[in-house]
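Beneath this line is the structure, given in structure tokens, with notes to follow.
Quick caveat: nothing in here was measured; it's all calculated off a predicted structure.
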Amino acid sequence: QVYLQESGGGLVQPGGSLRLSCTVSGRTSTSYIISWYRQPPGKERKLVARADTIAGDPYYSDFVQGRFAISRDSAKNVEYLQMNDLTPEDTAVYFCNLQQPPWTSEFWGQGTQVLVSA
């Protein structure tokens, strides 16, 4: 079992920045994949970014390319999503997702709300 908890969401004006955190705990393996998803109001959940701990290059969706960046603090087991140049279309609940061996299941946090509005 793996437990994920997001934090850092809130209200921000267009053009502003936020850094979301995902604290990872439980039975984690040495190799796992962290992904960030978001779900705008009334819309489906979409992949935002993905980081492969097995030396893979990070992936960013087209709608956040050049504005968002993923990183981690290995010592604290925290994953980050830095969000810059935010627009109202970035308004959504943001979720952290983890996959690990044997790659048969995945784990989700409860999400953190991001509201971009003047």
Side-chain angles (χ1 to χ4, degrees):
Q1 297 181 0
V2 175
Y3 303 93
L4 310 175
Q5 183 149 0
E6 304 92 339
S7 62
L11 175 64
V12 63
Q13 294 185 357
S17 299
L18 283 175
R19 188 181 72 168
L20 305 183
S21 300
C22 174
T23 301
V24 181
S25 61
R27 297 184 180 183
T28 58
S29 68
T30 56
S31 299
Y32 57 85
I33 297 175
I34 288 289
S35 300
W36 287 92
Y37 290 78
R38 73 184 189 188
Q39 186 169 21
K43 299 182 179 180
E44 65 180 358
R45 183 151 49 190
K46 295 182 178 180
L47 176 65
V48 174
R50 174 167 288 154
D52 190 348
T53 60
I54 315 176
D57 293 332
Y59 166 84
Y60 298 96
S61 298
D62 291 342
F63 49 85
V64 304
Q65 185 71 244
R67 300 188 297 119
F68 290 13
I70 52 177
S71 62
R72 73 185 306 181
D73 186 333
S74 297
K76 297 182 178 180
N77 230 12
V78 177
E79 310 287 335
Y80 298 104
L81 179 66
Q82 178 68 44
M83 307 186 297
N84 301 319
D85 300 320
L86 288 164
T87 74
E89 292 187 346
D90 295 318
T91 294
V93 177
Y94 285 73
F95 298 90
C96 181
N97 169 280
L98 183 146
Q99 296 174 307
Q100 65 180 9
W103 315 107
T104 57
S105 62
E106 59 186 353
F107 304 89
W108 295 88
Q110 292 187 337
T112 184
Q113 176 72 57
V114 173
L115 177 61
V116 184
S117 178

Between Y37 and Q39: side-chain donor-acceptor atoms closer than 3.5 Å: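 Their side chains do not contain a donor-acceptor pair, so the 3.5 Å distance test is not met.
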With a 3.5 Å distance limit and no angle check, can you tell me whether [X] reaches the backbone of [Y] through a side-chain donor-acceptor pair?
X    : Y    : value
S29  : S31  : yes
E106 : Q99  : no
T23  : V78  : no
D85  : R67  : no
T91  : V116 : yes
Q110 : L4   : no

Over all heavy atoms of both residues, which pair between [X] and [Y] is shortest? Give the atoms and the distance, please.
X    : Y   : answer
V114 : D90 : CG1-O, 4.3 Å
I70  : P58 : CD1-CB, 3.6 Å
S17  : N84 : OG-OD1, 2.9 Å

I need the [X] [atom1] to [Y] [atom2] distance, nearest 0.5 Å.
X   : Y   : atom1 : atom2 : answer
E79 : D73 : CD    : CG    : 9.5 Å
Y80 : S71 : OH    : OG    : 7.5 Å
C96 : I34 : SG    : CD1   : 4.0 Å
S7  : Y94 : OG    : OH    : 15.0 Å

Hphob cluster co-occupancy, L115 + V64, side-chain heavy atoms under 4.5 angstrom: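 No: no chain of side-chain contacts under 4.5 Å links L115 to V64.
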hydrophobic_cluster_shared for Y3 and L20, side chain cutoff 4.5 Å: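 In one cluster with L20: Y3, no.
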Ring centre gap for F68 and W36 strictly below 6.0 Å: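 Judged by ring-centre distance (under 6.0 Å), F68 and W36 do not meet the cut-off.
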Ring-face cation of R50 near Y59 (centre distance under 6.0 Å, axis angle within 45°):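 No, cation not above the ring by the 6.0 Å, 45° rule.
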Distance under 6.0 Å and angle within 45° of ring axis: R38 vs F95: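 Cation-pi check for R38 and F95: fails.
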Side chains of W108 and E6 in contact at under 4.5 Å (non-hydrogen atoms):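 With C-beta onward as the side chain, the pair stays apart.
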Pairwise side-chain contact, F107 with V24, heavy-atom cut-off 4.5 Å (strictly under):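 F107 does not reach V24 side chain to side chain.
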Q5, CD: over 12 other non-hydrogen atoms inside 6.0 angstrom: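 Atom CD in Q5 is not packed in, count stays at 12 or less.
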Derivation of the side-chain contact (heavy atoms from CB on, under 4.5 Å) call for T112 and V93: CA-CA 5 Å; T112 184; V93 177; over 6 Å; no
R19/L81 under side-chain contact (heavy atoms from CB on, under 4.5 Å): CA gap, chis, key distance, verdict: CA-CA 6 Å; R19 188 181 72 168; L81 179 66; over 6 Å; no
Chi angles and distances behind the side-chain contact (heavy atoms from CB on, under 4.5 Å) call for L86, L18: CA-CA 8 Å; L86 288 164; L18 283 175; 4.2 Å; yes
Residue pair N77, S25: steps toward the side-chain contact (heavy atoms from CB on, under 4.5 Å) verdict: CA-CA 7 Å; N77 230 12; S25 61; 5.8 Å; no
